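Positions are given from 1 along the sequence. Counting starts at 1 for both ligands and their atoms, following the listed order. These numbers come from the heavy atoms of this one structure, side chains and all, not from hydrogens, waters or symmetry mates. For clarity, every value in this text was computed on a predicted model and none was experimentally measured.
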Amino acid sequence: MKKFPEHFLWGAATSAPQSEGHGSLNGKSPSTWDKWYEMNPEKFQKNQGPEHTSNMYEMYSEDVKRMKNIHMNSFRTSIAWTRLLPDGKTVNQEAVTFYRNYFSELHANGVKPIINLFHFDMPWWLMEKGGWETRESIDAFSFYATTCFELFGDLVDQWTTFNEPMVHVECGYLYGYHYPAVHDLKKAVQVGFHTLMAHTMAVKAFKDGKYQGQIGIILNVSPCYPKSRSEEDLRAAELADLLNTKSFLDPTVLGTIPPKLVECLAENELLPKVAEQDLEMIRMNLVDFIGMNYYQPRRVQAPAEVNQPAISPADFYDHYDWPDKKINPYRGWEIYPEALYDVAMMIKNDYNNIAWYVSENGMGVADEERFLDQTGMIQDDYRIEFMEDHLNQLHKGIEAGSNCFGYHTWTFVDCWSWLNGYKNRYGFYRLDLENDERSLKKSGIWFKELIDRNGLI
Ligand code: BG6
């Protein structure tokens, strides 16, 4: 048996906007998702919007029992900024009651909450002022973070500031999947920098306030593999890593922005506006731990043609379509578990072996009703195989000394996914969209047995 460390965290992750529902109720103000759906519902898969999602606002108590039933010992969700501080300043007491009850229920059932502050859900009132494009967003976020530490600090001992900050940068400012869906590399860099500073100032507020516990950040990591060992392909891989991974990992863990990244931004007239104390603040306010969301690797090659100065990431690296890849056809993502070992080694060797956990890993599959058996249970053997393969690699990394303290899957109950609506399902529990009913899938039973053994057979 391949045993995992004692007290290993086993659980799943979701986010407030993808699971709570009550998108416009109970005092919540709109986020960019609520407004975008109002303006362009046709952009969303089958017109499925953010209003209802899986209704954990009403069902959290039963859902926590479901977590307990499959022996999960931890769970990550986020607080909706727009629910807690609808106008950015005034606390919504109903939200305080909701989150306090929710987190207390988790504790009462032996499920440790890891609480994230921002999961792509920019408040509309702030978006109207420019969102992360404006420096004002840094103070606004810091105020929100401090409010959370004050109100829920007794119930949370592991906080994270952002989920996948690179995703709102690239989806909102390069690829059109998040509001404001503009294509502007210069703005993307500025948005990324303001996000980094918002994170930094929230960490500072946490440390200055001497709140209990630890603070971290959750990053999406796609280890980068070049097509060949040619100088050009290696350079493309280096740039892809600098822009997508090291841009947040280095400042948050090591306190530095990689000089090669700065050089590349300068050469392309992309340097962001930076205030006097910013770099010192970054240096002083390091995270205590890191969450790594891993789904797929990044394969790259040197671009055939480039713009100088660059106008998109394609001017730094091109996607390489590896002919031998194994693919999840529903999500279109490559399945490559070996990369999780590489992530573990990267953290060990390049990031002071900081405490980290796999904060998301999972397989989204469409039309899962195909796999219902006579008892009404989805036989998701593909998901079990996916997780097993990844856990084998993670175990190898831990054996080699990587300081990993947990593994969370995406997700617990099938949840709403941004423009993809409910197309791809990821949960241990199937969600019936007709009536919000949840039913356990085979992978949920497998997960429970895995947790009981704290090991892979
Ligand atoms: C992660 C996000 O990147 O992937 C989640 O943190 C998201 O919000 C998950 O839902 C799965 O991706 P998708 O796009 O298939 O929902």
Side-chain angles (χ1 to χ4, degrees), residues 11-21 23 31-33 36-37 43-46 48-50 53-54 56 75-81 114-122 160-172 174-179 181 195 216-223 244-245 248 290-298 327-335 339-340 343 357-368 380 382-383 386-387 390 407-429 431 433 443:
T14 190
S15 70
Q18 292 176 273
S19 65
E20 286 175 7
S31 72
T32 45
W33 291 98
W36 205 18
Y37 182 68
K43 281 189 181 289
F44 292 69
Q45 153 90 8
K46 291 192 178 164
Q48 289 164 336
T53 63
S54 36
M56 276 185 93
F75 174 66
R76 168 172 61 107
T77 187
S78 64
I79 293 172
W81 189 350
I114 297 180
I115 300 302
N116 180 44
L117 297 176
F118 186 87
H119 199 121
F120 313 157
D121 50 343
M122 167 59 68
T160 57
T161 53
F162 283 84
N163 176 76
E164 302 186 343
M166 195 42 102
V167 169
H168 69 248
V169 173
E170 61 182 17
C171 289
L174 295 173
Y175 304 133
Y177 300 121
H178 290 193
Y179 194 86
T195 303
I217 188 168
I218 287 171
L219 303 178
N220 49 311
V221 65
S222 292
N244 295 292
T245 302
F248 277 97
I290 283 279
M292 287 287 183
N293 292 353
Y294 172 67
Y295 290 91
Q296 57 166 344
R298 186 187 307 277
I327 195 113
N328 167 4
Y330 312 101
R331 192 61 184 82
W333 286 347
E334 183 184 337
I335 300 178
L340 202 46
V343 170
Y357 81 116
V358 178
S359 37
E360 284 181 32
N361 177 235
M363 189 180 181
V365 172
D367 306 319
E368 281 201 307
D380 51 347
Y382 41 87
R383 180 166 293 115
F386 179 99
M387 291 178 186
H390 284 80
Y407 174 82
H408 277 192
T409 69
W410 188 267
T411 185
F412 166 61
V413 170
D414 291 339
C415 67
W416 176 81
S417 167
W418 322 110
L419 295 187
N420 275 339
Y422 288 98
K423 176 176 172 278
N424 297 313
R425 305 303 187 95
Y426 286 85
F428 288 127
Y429 284 85
L431 176 70
L433 295 186
S443 58

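The two residues Trp81 and Phe118 make their nearest non-hydrogen contact at CE3-CD1, 3.9 Å. Listed here is the closest heavy atom pair of Leu431 and Asp414: N-OD2, 3.1 Å.
Under the 3.5 Å distance criterion, with hydrogens and angles disregarded, no donor-acceptor pair is assigned to the side chains of Ser78 and Asn116. For the residue pair Glu368 and Tyr382, a side-chain donor N or O sits within less than 3.5 Å of a side-chain acceptor on the partner.
Against a heavy-atom cut-off of under 4.0 Å, Trp333 is close to the following atoms of ligand 1: 12 (O). Atoms of ligand 1 lying under 4.0 Å from at least one heavy atom of Asn163, given by number and element, are 6 (O). Proximity to Phe120 (heavy-atom distance under 4.0 Å) selects the following atoms of ligand 1: 8 (O).
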Apply the test side chain to side chain donor-acceptor pair (under 3.5 Å) to residues Gln45 and Tyr422: give CA-CA distance (whole Å), side-chain angles for both, the deciding distance (0.1 Å), then the verdict. CA-CA 8 Å; Gln45 153 90 8; Tyr422 288 98; over 6 Å; no
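With respect to atom 13 (P) of ligand 1, the closest heavy atom belonging to the protein is Ser417 OG, 3.3 Å. The protein heavy-atom contact nearest to atom 14 (O) of ligand 1 is Arg331 NH2, 2.8 Å. Regarding atom 12 (O) of ligand 1, its nearest protein heavy-atom neighbour is Tyr426 OH, 3.4 Å. In this structure, the protein non-hydrogen atom closest to atom 1 (C) of ligand 1 is Glu360 OE1, 2.9 Å.
Closest heavy-atom approach to atom 4 (O) of ligand 1 within the set Trp410, Trp418, Tyr295: this belongs to Tyr295. Of the listed options Gln18, His119, Met166, Glu164, Glu164 places a heavy atom closest to atom 3 (O) of ligand 1.
Put simply, the side chain of Ser359 gets close to the backbone of Met292: a donor and an acceptor are under 3.5 Å apart. Side chain of Asn293 to main chain of Asn220: no donor-acceptor pair is present (N/O by atom type, distance under 3.5 Å, no hydrogens or angles).
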